[in-house]
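Counting starts at 1 for both ligands and their atoms, following the listed order.
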Amino acid sequence: MIVHVREGADSALLAKMIQTFDATDLNINGTRVLVLSGKVKEIDNEFASIVDEQFVMETDLQLASRSYHRETREVALGSVSIGGTTNNTVFISGPCSIESREQIVEVAERLVKLGITIMRAGCFKPRTSPYSFMGLGPKGLDLLVETCQAFGLSVITEVRDSTHVDEVIEKADIIQIGAKAMYDHGILKACGACTKPVLLKRGFGTTLQEFVQAAEFILSGGNPNVMLCERGIRTFETHTRFTLDLCGVAYLKEYTNLPVILDPSHAMGYSYGVPDLTRACTAMGVDGLLIEAHPNPKEAKSDAAQQLTLDELEDLLATLGPVASAVGRTIV
Ligand code: PEP
Ligand code: MN
């Protein structure tokens, strides 16, 4: 249950309520908000005088639920807004990893030419093998941020573990929590303690409930700027890297109030399928798309098979407008 506390509430009674329900105590835009632990459906009359509004939740969704906050939350990023009532589908692109200054400058130049305002690139790569490229680390982060600033782009980059989460929070415009890092409480806690936008990716073996509960960790830490990213889950199928769960996307849109971003690149795993899948994602009427592109995918140090060339990216983008407008959206 979520409770909005009445202004001027008796502080002793409020403290008692917080203790009784082991409540998370938040200030959301000037409103004192308590999220009560457990599945509380009723509160004692004793507390009636300090309760302004109460929201009984039928599921484990709390702050992320549309029953609490009907409108999709809006995440503002420079001149672009994601979610809210904007009907924007924000196109985010860039390489899997930043590899060199030349590479990232070439990508940035093309993104600017295409009117794309947010660049993605990983500096701290969570790899399955210890012998794979782990990213350029802090030097890569500085180079990425410097390049994005020079080109007027916003930057999204991922956190691999909590050893560098503070550095990414300080320097990136959007913090990406990757599929493998989704359960890391150190990362979730640090992201909850800041107000920077966070893109939380769904783990590939994660149920929708677990996914949204991870988002609740960030929201209940006090950060309202959370976006959800579906990037494919593992199924019995082996011909594609993962299976993009569009049913899950429909669920997230219906029941949560968080902007939903789709990542067809990681789901498909092969560049040949990415354009069609991106159009399908666009037709879902989502808040954003995350597409990997590289000047020379064959030579990419990570996720080589799935990255589009910059020309392929340009061709794809040119096809999206009509698909987006058919579902009342605009690609920005
Ligand atoms: C990525 O975006 O490059 C990435 C590693 O994604 P995921 O966490 O979804 O595997
Ligand atoms: Mn990648």
Side-chain angles (χ1 to χ4, degrees), residues 90-99 103-104 107 118-130 132-137 140-141 144 154-162 164-165 168 172-184 187-188 191 197-206 208 210-211 214-215 226-235 240-246 248-249 252 260-271 273-274 277-278 281 286 288-309 312-313:
V90 180
F91 195 92
I92 304 167
S93 189
C96 180
S97 303
I98 173 170
E99 297 167 8
Q103 172 230 23
I104 210 70
V107 177
I118 309 174
M119 175 148 81
R120 61 144 291 142
C123 312
F124 302 95
K125 299 302 297 178
R127 305 308 298 276
T128 307
S129 162
S132 300
F133 177 62
M134 295 282 171
L136 297 182
L141 180 60
L144 179 63
S154 299
V155 59
I156 172 167
T157 193
E158 72 186 292
V159 175
R160 184 179 55 217
D161 57 60
S162 41
H164 51 260
V165 64
V168 174
D173 298 302
I174 306 176
I175 302 120
Q176 176 175 320
I177 304 178
K180 290 177 187 144
M182 196 210 81
Y183 290 106
D184 186 319
I187 295 177
L188 296 174
C191 288
V198 177
L199 182 82
L200 179 68
K201 286 188 149 199
R202 180 181 181 183
F204 46 72
T206 298
L208 292 165
E210 290 162 347
F211 184 28
V226 181
M227 299 176 280
L228 300 174
C229 179
E230 163 61 29
R231 44 76 75 209
I233 54 174
R234 183 156 284 161
T235 65
T240 56
R241 190 176 181 195
F242 294 99
T243 297
L244 192 63
D245 182 12
L246 294 185
V249 170
L252 297 172
V260 177
I261 312 290
L262 291 195
D263 173 353
S265 298
H266 288 85
M268 185 68 209
Y270 301 97
S271 62
V274 171
L277 210 48
T278 306
C281 292
V286 289
L289 300 160
L290 191 69
I291 311 294
E292 283 191 344
H294 189 286
N296 184 4
K298 284 198 185 77
E299 299 298 321
K301 293 189 172 168
S302 59
D303 288 349
Q306 72 197 30
Q307 301 197 60
L308 300 182
T309 64
E312 286 167 343
L313 183 76

Checklist outcome for this item: Out of H266, R231, R120, E292, the nearest non-hydrogen contact to atom 4 (C) of ligand 1 is supplied by H266

Next on the checklist: Under 4.0 Å, counting heavy atoms only: does G122 come that close to any atom of ligand 1?
Outcome noted: no

Item to check | Protein residue, atom and distance nearest to atom 6 (O) of ligand 1, heavy-atom basis | outcome: K201 NZ, 2.9 Å

Item to check | Opening angle at the Mn ion (ligand 2) [SG, C96; NE2, H266; to 10 degrees] | outcome: 170°

Item to check | Contact atoms of ligand 1, heavy-atom distance to C96 under 4.0 Å | outcome: 3 (O)

Checklist entry - Does any N or O atom in K125 lie less than 3.5 angstrom from one in ligand 1, N or O only? => result yes

Item to check | Minimum-distance protein heavy atom relative to atom 8 (O) of ligand 1 | outcome: A179 N, 2.7 Å

Checklist outcome for this item: For F211 and L252 the tightest heavy-atom approach is CE2-CD1, 3.8 Å

Item to check | Distance-only side-chain donor-acceptor flag, T128 / K180, under 3.5 Å | outcome: yes

Item to check | Smallest separation among heavy atoms of V274 and P264, with atom names | outcome: CG2-O, 4.4 Å

Next on the checklist: Checking the side chain of E230 only, and the main-chain atoms of D245 only, is there a donor and an acceptor separated by less than 3.5 Å?
Outcome noted: yes

Next on the checklist: Keeping Q103 on the side-chain end and S97 on the backbone end, is there a donor-acceptor pair under 3.5 Å?
Outcome noted: yes

Next on the checklist: Please tell me whether E292 and H266 have a donor and an acceptor in their side chains that are separated by less than 3.5 angstrom.
Outcome noted: yes

Checklist entry - Taking 4.0 angstrom as the limit, do R202 and E210 come out as a salt bridge? => result no

Checklist entry - Of all N/O/S atoms in E292, which lies nearest to the Mn ion (ligand 2)? => result OE2

Checklist entry - Do side-chain atoms of S93 reach the backbone of I291 as a donor and acceptor pair under 3.5 angstrom? => result yes

Checklist outcome for this item: In D303, the N/O/S atom nearest the Mn ion (ligand 2) carries the name OD2

Next on the checklist: Quick check on contacts: which atoms of ligand 1 are under 4.0 angstrom from a heavy atom of G178?
Outcome noted: 8 (O)

Checklist outcome for this item: Heavy-atom proximity to atom 5 (C) of ligand 1, picking from E158, Q306, Q176, points to E158

